[in-house]
Structures are given as C-alpha cells and as structure tokens.
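For reference, the structure is listed below as structure tokens.
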Amino acid sequence: MTVLEEGTEDRSFGSDTMKRFSCECGQAVYFENSRCLSCQRELGFLPDRNVMAPLMPGADGVWTAHLPAGDARAYRKCRNYEQQEVCNWMVPVDDRNVYCRSCRLNRVIPNLSIPRNRVLWFRIEQAKRRLIYGILTLGLPLIGREQDPINGLAFEFLEDSQSGVEFSADIGQPNRVMTGHNQGVITINIAEADPIAREEARETLREQYRTLLGHFRHEIGHYYWDRLVRNTGWLDTFRERFGDESADYEQALARYYSQGPPSGWAASFISMYASSHPWEDWGETWSHYLHMAMTLETAYEYGFAIRGKEIGHPHEHLESGDFSSTARIDAFEDMIKNWIQLTEGMNAFNRSMGLPDAYPFALSPPVVKKLRLVHRIICEHVQQCA
C-alpha cells in the first residue's frame with residue numbers, strides 16, 4: 001500500500017451541502033468547492049470554525065481566510081489540498097501538522113500507481129470529510145493516533161488482492177479486505193467507492209441502502225461505542241435497548257449470513273443487518289442518527305417547511321448550551337417528527353423522478369427508542385465538554 005504522502009488529481013466536486021456557504025462576492029459555494037465560480041477566488045474549509053471561507057494568498061504558503069464581520073485568520077492548505085488536490089481543508093498557521101483534521105487521520109491510502117485508485121481515493125476522501133464535518137458539528141471527541149497511539153481514530157483504505165468486493169460468502173477468505181472497525185482503526189475496502197461494485201454488493205446482500213458515507217457513519221459508530229458506552233454508566237441502558245453485546249460476535253454473524261435475519265425483524269431493527277448482533281444494531285442506529293441530523297441541518301439551511309412550518313435546526317439546543325432534560329427531549333421529538341415528514345416528501349419526489357426511495361426505512365417504536373438513546377448519549381458528552 002502507498003503511504004500518506006501520495007495523492008490524486010481528480011477535482012470534480014459535487015454541489016450538495018449541509019450548511020449554506022457563500023463567497024465574499026455573494027456567490028453560493030458548496031462544501032466541496034475549492035474555487036468560487038463567480039469571482040474565481042480560491043476557497044477553503046476551516047475545520048476549527050466549521051465554515052467555508054474565501055482565501056487570499058500571502059508569503060510562504062500562508063493564506064488569509066476572510067470570515068464574517070471582518071475577521072481574518074491565517075491558514076495553510078492541507079498538504080493533500082496543496083499537492084494532491086484531493087482535499088479543500090485548511091490548517092491553522094500555528095498547527096505544526098501539514099495535514100488537516102480529516103487527512104491526518106489517514107494511516108494507509110490505496111496504491112496510487114494504479115490510476116483507477118486515484119479516483120476511488122478522491123471519492124473516499126469526500127465522504128470522510130462529510131463524516132468529520134458531522135462529528136465536529138455534534139461536538140463529539142475527535143482524537144487521532146498522534147494524540148492517543150493506542151485508541152485514537154485512524155483510517156486505512158485498502159484494496160482486495162483480486163477483483164470483486166466483499167460479499168457474505170467471502171467472509172474469512174484471505175484475499176478479501178473487509179470494511180470494519182478494530183480498536184479505533186476504521187478499514188474501508190476501496191471498491192466501495194466504485195458505484196457498480198457497491199450496487200452489486202447491495203443486491204447480493206439484499207440491502208435497501210448502501211453508500212460510501214453510510215459505511216463511514218456506521219463504522220465510526222463502533223468507535224464511539226468504545227468511547228461513550230463501553231465501561232461507562234450507559235452500558236446497562238444500552239443492553240436494555242440493544243441486547244447483550246457479549247454474545248459471540250463471530251457466531252452471530254455466521255448465523256446471520258447463513259440463515260438471514262429473524263422473522264419480523266423490521267418491528268425491532270432499523271435494517272436487516274442490525275439484527276445480526278447488538279454491536280451492529282448500534283452501528284446501524286448510530287449511522288441513521290447521523291443521517292437524520294445532517295440531512296435535517298441541510299433542510300434547515302435551505303428553509304424547508306413542512307405543511308407551512310419551517311424545519312428547526314436539529315442541533316440548536318447543543319449550540320445554545322441548553323442541556324436541560326426538557327430541551328433534550330423536545331429536540332429529539334422535533335427531530336423525529338421532522339425526519340419522518342421530510343423523508344416521506346423526499347421519497348415522493350424520488351418516485352416522481354423514477355428513482356429509488358431516498359430513505360427506504362421505517363422507524364418502529366423500538367427503533368425510535370434506540371435513536372433516542374444515541375441522542376441522549378451525545379447530549380451528555382457535549383454537556384460534559386461544554
């Protein structure tokens with residue numbers, strides 16, 4: 001595999017967003033943009049401020065980022081922005097790391113001597129930055145291996161030694177890279193960045209939904225289970241909602257892949273895979289909470305309204321510092337209500353275009369209870385760190 005310093009050349013950024021950003025000239029800009037299409041000014045995302053900003057070049061690779069209210073701060077481009085054009089994030093000038101908060105988490109990237117791998121890595125980094133944006137927005141701990149060499153978060157982007165992507169029948173075979181999490185290290189099979197291979201896997205595994213961003217959000221759920229649930233006061237409540245995680249994991253997965261989900265699984269689980277083991281139930285539920293929180297933020301930023309009522313900001317209580325029980329409960333109930341109504345509309349729009357449902361899931365009462373627990377755990381952590 002190739003070490004961190006390697007790069008890619010693809011620059012075809014998308015146009016969707018979570019927040020709405022704009023250039024100084026007034027042109028709308030998006031989360032993946034590196035240049036304003038109106039005034040041609042270079043842009044960079046500032047992870048310490050969670051905003052996009054126009055950049056003015058200075059000496060010795062230092063850029064001035066112009067922020068609202070006349071604020072200006074000095075930054076350097078992430079090395080993967082400056083040299084490889086696979087990133088658009090900035091590094092504060094007093095930060096000695098040459099990589100941004102997202103790229104510095106990489107431990108292994110694909111072998112870039114294979115041209116196709118450059119495209120796949122670019123797509124992987126796009127999805128990872130969206131993941132990290134959500135983590136920063138929610139105020140969750142983001143601790144890399146440089147801070148905690150044993151349990152810190154790290155990513156490895158690996159490829160199979162032969163063609164194909166992991167399927168149920170391939171588990172345990174030596175030539176397969178399995179997407180997963182192990183003691184803070186998240187491994188992603190780069191074939192997941194190939195839409196054809198990913199759709200083939202989705203069909204084979206009879207999944208309703210399979211995306212690169214979804215993989216990231218699911219796997220980081222395992223990381224946060226270790227940090228926020230394991231060996232904490234939340235463990236007993238987790239077991240009440242999700243089950244006993246001490247059940248043999250390998251046996252549970254083998255049973256799931258050989259026999260499928262239990263009859264009536266949809267009454268208690270967000271997905272078929274969630275029924276395989278309590279850890280996977282948590283990972284699936286966590287990822288859906290992030291789907292919900294980040295999509296509702298986008299809806300808020302674009303002024304979406306449901307039957308004349310505007311969607312509120314899903315994290316307003318966190319940003320305001322109101323950690324009261326009433327605020328937490330009200331925030332979650334509003335999120336669930338808005339999410340159900342919003343996804344009904346999203347699915348209807350997609351069907352009108354002849355597309356698959358954007359959110360092909362049903363939230364049963366037990367699933368809502370699990371999502372509520374994820375919400376409570378996140379709120380408690382943010383309160384402790386406030």
Side-chain angles (χ1 to χ4, degrees), residues 134 137-138 140 207-209 211 213-214 217-218 220-222 224-225 228-229 232-245 261-300 304 306-307 309-318 322-348 357-383:
T137 297
L138 291 173
L140 289 164
E207 295 174 339
Q208 296 170 290
Y209 177 91
T211 67
L213 181 55
R217 286 174 174 168
H218 173 100
I220 209 166
H222 295 306
Y224 283 112
W225 190 89
L228 305 180
V229 180
T232 74
W234 286 110
L235 186 57
D236 288 340
T237 308
F238 166 84
R239 288 172 174 170
E240 291 173 6
R241 293 282 190 273
F242 292 87
D244 185 358
E245 82 291 347
S263 176
W265 64 267
S268 302
F269 301 97
I270 189 65
S271 69
M272 289 193 299
Y273 189 56
S275 70
S276 63
H277 187 275
W279 276 337
E280 299 306 340
D281 193 7
W282 168 268
E284 289 287 88
T285 304
W286 177 277
S287 68
H288 280 260
Y289 182 85
L290 294 188
H291 290 335
M292 180 170 66
M294 294 299 102
T295 307
L296 285 172
E297 182 186 75
T298 300
Y300 167 81
F304 275 55
I306 299 172
R307 294 182 174 90
K309 181 182 178 182
E310 291 189 357
I311 292 177
H313 196 295
H315 321 122
E316 185 175 2
H317 68 295
L318 298 180
D322 186 354
F323 300 106
S324 66
S325 176
T326 299
R328 294 199 305 266
I329 293 171
D330 288 348
F332 179 78
E333 298 308 321
D334 284 345
M335 285 177 69
I336 285 293
K337 180 180 179 181
N338 286 336
W339 182 242
I340 291 173
Q341 293 183 320
L342 179 64
T343 52
E344 286 178 352
M346 289 164 56
N347 290 344
D357 284 354
Y359 190 74
F361 302 94
L363 302 182
S364 66
V367 169
V368 171
K369 287 184 178 180
K370 295 171 186 177
L371 287 165
R372 185 181 290 113
L373 179 59
V374 172
H375 177 78
R376 289 173 59 198
I377 291 172
I378 290 174
C379 286
E380 180 184 82
H381 172 79
V382 175
Q383 180 179 9

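Of the possible polar contacts, none joining the Ser276 side chain to the Met272 backbone as a donor-acceptor pair under 3.5 Å is found. Although no hydrogens or angles enter the test, the distance criterion places no donor-acceptor pair under 3.5 Å between the side chain of Thr295 and the main chain of Met292. A donor-acceptor pair under 3.5 Å is absent between the side-chain atoms of Asp281 and the main chain of Phe269, judged by distance alone. Between the side chain of Trp282 and the main chain of Gly221, a donor-acceptor pair closer than 3.5 Å is present.
With hydrogens and angles left out, the side-chain atoms of Glu245 and Trp225 include no donor and acceptor closer than 3.5 Å.
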Derivation of the side-chain contact (heavy atoms from CB on, under 4.5 Å) call for Ile378 and Leu140: CA-CA 7 Å; Ile378 290 174; Leu140 289 164; 4.1 Å; yes
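At a threshold of 4.5 Å between non-hydrogen side-chain atoms, the residues Ile377 and Tyr224 do not count as touching. Looking only at side-chain heavy atoms (C-beta outward), Trp286 and Ile220 come within less than 4.5 Å of each other.
The side chain to side chain donor-acceptor pair (under 3.5 Å) search around His218 returns His222, Glu280, Glu284, not counting sequence neighbours.
Crowding of Glu333 atom CD: a count of heavy atoms from other residues, nucleotides or ligands under 6.0 Å exceeding 12. The neighbour count for Tyr300 OH, taken as heavy atoms of other residues, nucleotides or ligands under 6.0 Å away, does not exceed 12. For Phe361, the CZ atom is densely surrounded, since the number of other residues' heavy atoms within 6.0 Å is greater than 12. Within 6.0 Å of CZ in Arg372 there are more than 12 heavy atoms belonging to other residues, nucleotides or ligands.
Considering His288, Glu344, His291 as possible partners of Tyr359, the one that fulfils the side-chain hydrogen bond (donor to acceptor under 3.5 Å, both in side chains) test is His288.
Between His315 and His313, the angle of the ring planes goes over 60°, which puts this pair in the perpendicular group of the 30/60° scheme.
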